[in-house]
Amino acid sequence: MLPVFTALRSSVGKKILMAMTAFSLVLFVVVHLLGNLKLLSRNSNAFNIYAHKMMSLGGLLYVAEIGLLLLFLTHIIIAGLIFIGKRNARPVGYYMNKRLCKPGYNFIGSTTMIYTGAMILIFLVVHLMHFKFGPGIKDGYIKEVDGKSVRDLHRLVVEGFQSFWYVSFYTAVISLLGIHLSHGFWSAFQSLGINHPRYTPLILGVGILIAITLSLGFISLPVLLYFIG
Amino acid sequence: MKNMNLNLLVWRQKDAGSKGKMESYIAENISLDMSFLEMLDQVNEDLIKKGLDPIEFDSDCREGICGACGVVVNGQVHGPQRATTVCQLYMRNFKDKDKIVIEPFRARAFPVIRDLVIDRSSFDRIIMAGGYISVNTGGAPDANSIPVAKEIVDKAMDAAACIGCGACVAACPNASASLFTAAKISHLALLPQGKIERKKRAEKMVSQMDKEGFGDCSNIGECEAACPKEISISHIARMKREYFRAVVDEIEK
Ligand code: HEM
Ligand code: FES
């Protein structure tokens, strides 16, 4: 009667996928931040050692990267479907429209998910071009780790963060990620059917806390590296 | 208090096929004790006396219980007062010389038939898909023969307060019908008589809702804020759980 595939394409199912990919992405972002904090280590090779360890995972790293790509793709495609659906669902708009929003929910985040998300996507492309597909050993970014020559990612990051514009762009997009998560976190719970008079306000609060902590964590890096070098 | 004169800007549309537009009217000599719809009645009487077409709008009970009425007043569904249908909105909420913008509820699944009147049969089809319980006719069962816990009754009653006016759809930035559908699913799933068909109901009603061309729910909460019966979006979460139940049941089979 209700095959799983049909269920996942329903309005409820789409949001289950949205919430599950979202939670995974949040987890990824947290781990990413923890890794980045190595940049602040007094040992200027700490980040390279960490990166080298990741690289030596070999096949496992590819699996993780493909998984991550699928997560992003699923999240973005459904975001697009929801956006198109919403456009179609109201062909004639209002002459005058006031948002009320139940107090406690945050409509700055909730009504801008597609825009904050799109900015994250643009950032993602720039970010990957800069780091993943950017200059490497043959361009002179070399450091020694365990007697092997590896790509000097630490220097690449620090150099990138010497540009005022790059630091500003980075800070702006990470703030948008914070706004995305300020609604996204609690929203993902609701999408999974988790709502409780006592715990939902708590989830809302924790979501905002996570959004702020993650944003400040990421922003601290370019700002510290820009001013301290 | 003195009576008021108001400047109205109202959506006029001849029929479903034609293009509408906003038109200005002056509502003269409006008493503060009138309801919003009585104000429109008076404007219409003046229009009819001048030989013009009256502004069409829906209403029935005019006491906030039937769900027939519903317009957007100054950008707010059912007007500025919370937990109130537009028929129960009184003119004391407005001041002399106020400008009042009046529009129909907007959604593809709620096409405008004329002026402020919309076709909400998409809601009827969602109900027809499963918003009922199947019982044989016969003598009415004894009252209280099936005990139901107080907390459950309270929740079911909160959901059953839905009058199907469509305010949730009109207020939702995505034009989603999730709050309406969830209220109906939730109300019946909570009660013993409704539990029997809960899986089929959740599946059928959600799929009908999707077919009607409403948007998806982004958990924004505008629906709850606009709902004249203050139905909580926690019922939307219950709808999702009911739907999962239907899916899990399918896997078990
Ligand atoms: C890469 C581009 C991204 C786009 C285009 C995007 C877009 C969106 C959109 C439109 C929604 C709202 C869905 C709805 O209306 O129900 C959403 C939800 C969400 N997003 Fe993103 N997003 C992106 C990246 C991210 C990232 C990197 C994270 C995590 C750090 C994230 C976390 C979330 C969360 C938690 C939700 C809530 C899920 C739910 O409502 O069930 N998103 N995203
Ligand atoms: S006319 Fe019945 S609810 Fe307004």
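The structure displayed is predicted, hence computed values, not measured ones. Reminder, nothing fancy here: chain letters follow the sequence lines and each chain counts from 1.
Ranked by heavy-atom pairs shorter than 4.5 Å toward chain B, the options A/G85, A/S11, A/S10 are led by A/S11. In terms of heavy-atom pairs under 4.5 angstrom with chain A, the leader among B/A175, B/G213, B/G75, B/A107 is B/G75. Counting heavy-atom pairs closer than 4.5 Å to chain B, the top residue among A/I194, A/L81, A/T200, A/N195 is A/N195. Of the residues considered (A/T111, A/I84, A/N88), A/N88 shows the highest number of contacts with chain B, using heavy-atom pairs under 4.5 Å. Of the listed residues (B/R238, B/R108, B/E212, B/M209), the one with the most heavy-atom contacts under 4.5 Å to chain A is B/R108.
No more than 12 heavy atoms of other residues, nucleotides or ligands lie within 6.0 Å of CZ in A/R9, so this atom counts as exposed by the packing criterion. Applying the 6.0 Å contact sphere to CE of A/M54 captures no more than 12 heavy atoms from other residues, nucleotides or ligands. Atom NZ of B/K155 sits in a sparse spot, with 12 or fewer heavy atoms from other residues, nucleotides or ligands closer than 6.0 Å. For NZ of B/K195, the number of neighbouring non-hydrogen atoms (other residues, nucleotides, ligands) closer than 6.0 Å is greater than 12. More than 12 heavy atoms of other shown residues, nucleotides or ligands fall within 6.0 angstrom of atom NZ in A/K98. Heavy-atom contacts from other residues, nucleotides or ligands closer than 6.0 Å to NZ of B/K229 number more than 12. More than 12 heavy atoms of other residues, nucleotides or ligands sit less than 6.0 Å from atom CG of A/L57. Crowding of A/L69 atom CG: a count of heavy atoms from other residues, nucleotides or ligands under 6.0 Å exceeding 12.
Under the 3.5 Å distance criterion, the side-chain polar atoms of A/R90 are matched with a main-chain donor or acceptor of B/R106. Of the possible donor and acceptor atoms, one in the side chain of A/Y94 sits under 3.5 Å from a partner among the backbone N and O of B/A170. In this structure, B/Q76 contributes its side chain and A/N97 its backbone to no donor-acceptor pair below 3.5 Å. At distances below 3.5 Å, not a single donor-acceptor pair connects side-chain atoms of B/E222 with backbone N or O atoms of A/R99. With B/D216 contributing its side chain and A/I82 its backbone, the two residues share no donor-acceptor pair below 3.5 Å. With hydrogens and angles ignored, the 3.5 Å screen pairs a side-chain donor or acceptor of A/K15 with a backbone N or O of B/C217.
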Full working for side chain to side chain contact (heavy atoms under 4.5 Å, CB included) between A/W186 and B/N219: CA-CA 9 Å; A/W186 104 267; B/N219 307 326; 4.2 Å; yes

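For B/F244, the part lying under 4.5 angstrom from a heavy atom of chain A is the side chain only. Proximity to chain A (any heavy atom under 4.5 Å) is shown, for B/N74, by both the backbone and the side chain. The contact between B/S234 and chain A is made by backbone and side chain atoms together, counting heavy-atom distances below 4.5 Å.
Summarising the geometry of B/I236 relative to A/Q190, their closest heavy-atom pair is CB-NE2, 3.8 Å, with the distance given to 0.1 Å.
Note: A/K86 NZ to B/S218 OG = 7.0 Å, rounded to the nearest 0.5 Å. Taken from CE in A/M96 to CD1 in B/I102, the straight-line distance is 11.5 Å, to the nearest 0.5 Å.
Contact annotation: the side chain of A/L192 never approaches that of B/K240 to less than 4.5 Å [non-hydrogen atoms, C-beta and beyond].
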